[in-house]
Number of protein chains: 2
Amino acid sequence: MGRNPAFSGPRYQDIAASLLRDIARGRYPVGRLLPTEVELCERFAASRHTVRDALRIVTEKGLLVRRRGTGSVVIATAPPNVFTHSVGSEEEWMRYPTGTFRETVNTAEIAADRKLAALLKCEPGKRWFRICSVRRSSRIPEPLGWTEIYVLPAYAGVVKRSDHGTTPVHRQVEKMFGESIDRAQLEIFASHIPAKLARPLRVAAGTPALTVVRRYTGLKSGMFEVTVTIHPENRYTYSMELRPQLHAKQL
Amino acid sequence: MGRNPAFSGPRYQDIAASLLRDIARGRYPVGRLLPTEVELCERFAASRHTVRDALRIVTEKGLLVRRRGTGSVVIATAPPNVFTHSVGSEEEWMRYPTGTFRETVNTAEIAADRKLAALLKCEPGKRWFRICSVRRSSRIPEPLGWTEIYVLPAYAGVVKRSDHGTTPVHRQVEKMFGESIDRAQLEIFASHIPAKLARPLRVAAGTPALTVVRRYTGLKSGMFEVTVTIHPENRYTYSMELRPQLHAKQL
DNA sequence: CTTCAGCATTTGTTCGGACATAGTTTAAGC
DNA sequence: GCTTAAACTATGTCCGAACAAATGCTGAAG
């Protein structure tokens, strides 16, 4: 029991691995209490500080809940998340290579008809401020896609800002109105180029396209922005990388 | 300098907040070294342990890199990760609602021609074991899409397993051959239905489609599986939700 | 001038101790 | 018997100290 002779790293990592193994093997089932810190100190012949470091690792993996006076409760037998995807910046999430920009075509306040309401997942008749624009790259003459941005009418002021066109709209809303994003949702599906967009996108109507819908939900005003982008074939690829959760070996 | 009288929480959180503020305000620009632990102990009149707890918080937020002998280097002025996406299971990542299954049409060992090599991001001539199949749902008669799975010829044994068709192939490879996934990459772009697939997918050739490419890279044998799926319009939507990283207030 | 050994610096690991705080249990008092 | 206060338990916070390990610098040897 206790020390693993094959393991040469820090003691607290050894102890954490041992606890992880015990939990995975069912020695401490979900709902059961782990031994107290002092008991673990005795079992592993380590100081309380070292044991706490080990418990911190197990807790960060999401297998424990620890409370004063109560103890450490096992809440899972294995780390729950298999893959994670972290996005560093809005640009990265938008997946638009740097050097692209939006070119506003027109703006208007509109009411959602039934079709638009379905796309935006809002009730029909809801009023939105719509910004229609073309996304371009400095490298190629054809536009990358057609973007329709719908924001709550109260937030229409964003178009007046000077950095409009280069900064993501939801960031502008965050700064100007103190909204904070609670969650963002992404949907991607196949579509075809509508007749209206054939000319601005320089592509034949009815040809294959990729539609990307992004919905931003804030804490203050709920869903405050929806972006719909239509990309003609061969002009845009959504790409993403997932990694198994490393679970914090020290870097 | 030092203690913030308005803050009543633990000392290490107070110190962490102070450091965070200093970094955000540019007192320690990116690339600069933070004061050493001992210096911070003096400035905040705290023990090294407490200061280290504070530095751990700042490090976990991704603003610092710490190395023995060197010190703590500032690598960002604000937490870099804005959104995270965690995927709990393969099914969730695949985004196929439960109740769908794969129906194998044919299998063969092939060599990648130039076009396929570009899609798979491998060298032309590389040999792959290809599994062609149709993904169906029990609810609707039309297939959801056409899937071509390419695995290394050494792993061709996966098709013989009984749970083939319901279990993701990369999971089977993990179990059967002890491969462990290092990273997974996803690409989504617009395409059109090839003439060959018009009949099996029950849709007209040339109509819009969504192509999803998934690449799995393992620790042992590098990229060991690539899956290419073609979905006709209106039969499949890729959906994902991102949330702002909570940054570990204590739970 | 280059190379390498040795030293100083800085963070990493581990020990031992003390008190604070939050939950739980027990016991006293009505 | 119920309510409330005290005691107990377990984790949280904080201190002081020592040594280990990685890095960078300096000076001596070739």
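Convention: sequence-line order gives letters A, B, ...; per-chain numbering from 1.
If you check dT13(D), dT14(C), dC14(D) against the side chain of Q13(B), the one that comes closest is dT13(D). Which of dG12(D), dG12(C), dA10(D) sits closest to the side chain of T36(A) comes down to dA10(D). Of the listed nucleotides (dC14(D), dT11(D), dA21(D)), dA21(D) has the atom at the smallest distance from the side chain of R68(B).
Using a 4.0 Å cut-off between charged nitrogen and carboxylate oxygen, R43(B) and D22(B) count as a salt-bridge pair.
In this structure, the CZ atom of R11(A) is 12 Å from the C1' atom of dT13(C), given to the nearest Å. Atom pair D53(B):CG and dT14(C):C1' shows a separation of 15 Å (rounding to whole Å applied). Between the P atom of dG12(D) and the OH atom of Y12(B) lies a distance of 9 Å, rounded to the nearest Å. Here dC14(D) presents its C1' atom at 14 Å from CZ of R56(B), a figure rounded to the nearest Å. The interatomic distance linking L33(A) (CG) with dT9(D) (P) rounds to 15 Å, in whole Å. Whole-Å rounding puts the E37(A) CD to dT13(D) P distance at 11 Å. Remark: C1' of dC15(D) and CD of E42(B) are 16 Å apart, rounded to the nearest angstrom. The interatomic distance linking F44(A) (CZ) with dT14(C) (C1') rounds to 16 Å, in whole Å.
Ring geometry, Y216(B) versus F224(B): the interplanar angle falls from 30° to 60°, so the pair is classed tilted. Note: H231(A) and Y236(A) have parallel aromatic rings, judged against thresholds of 30 and 60 degrees for the angle between ring planes.
Taken to the nearest 0.5 Å, the OH atom of Y150(A) stands 12.0 Å off from the CE atom of M223(A).
Between T50(B) and dC15(D) there is a side-chain polar atom (N or O) within less than 4.0 angstrom of OP1 or OP2. At dA10(D), none of the side-chain N or O atoms of S72(A) fall inside 4.0 Å of OP1 or OP2 (strictly under the cut-off). Residue R52(B) places at least one side-chain N or O closer than 4.0 Å to OP1 or OP2 of dG12(C).
Counting heavy atoms from C-beta on, the side chains of V58(A) and I23(A) come closer than 4.5 Å. For the pair L210(A)/L210(B), a side-chain contact is recorded, criterion being any heavy-atom separation below 4.5 Å from C-beta on. Looking only at side-chain heavy atoms (C-beta outward), T229(A) and R214(A) come within less than 4.5 Å of each other. Within the 4.5 Å cutoff, side-chain heavy atoms of L19(A) are placed close to those of L55(A).
Side-chain contact, E179(A) with S221(A): a donor N or O sits under 3.5 Å from an acceptor N or O.
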Dump every N/O contact between nucleotides 24-28 of chain C and the protein below 3.5 Å, one line per pair.
none

Name the pairs: protein N/O against N/O of nucleotides 16-18 of chain D, kept only if under 3.5 Å.
residue, atom, partner, partner atom, Å
dA18(D), N6, R48(B), NH1, 3.3

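Looking at E39(B), its side chain does come within 3.5 Å of a backbone N or O of T36(B) through a donor-acceptor pair.
Nearest-nucleotide mapping onto DNA chain C: of L34(B) and V51(A), the residue sitting toward the 5' end is L34(B).
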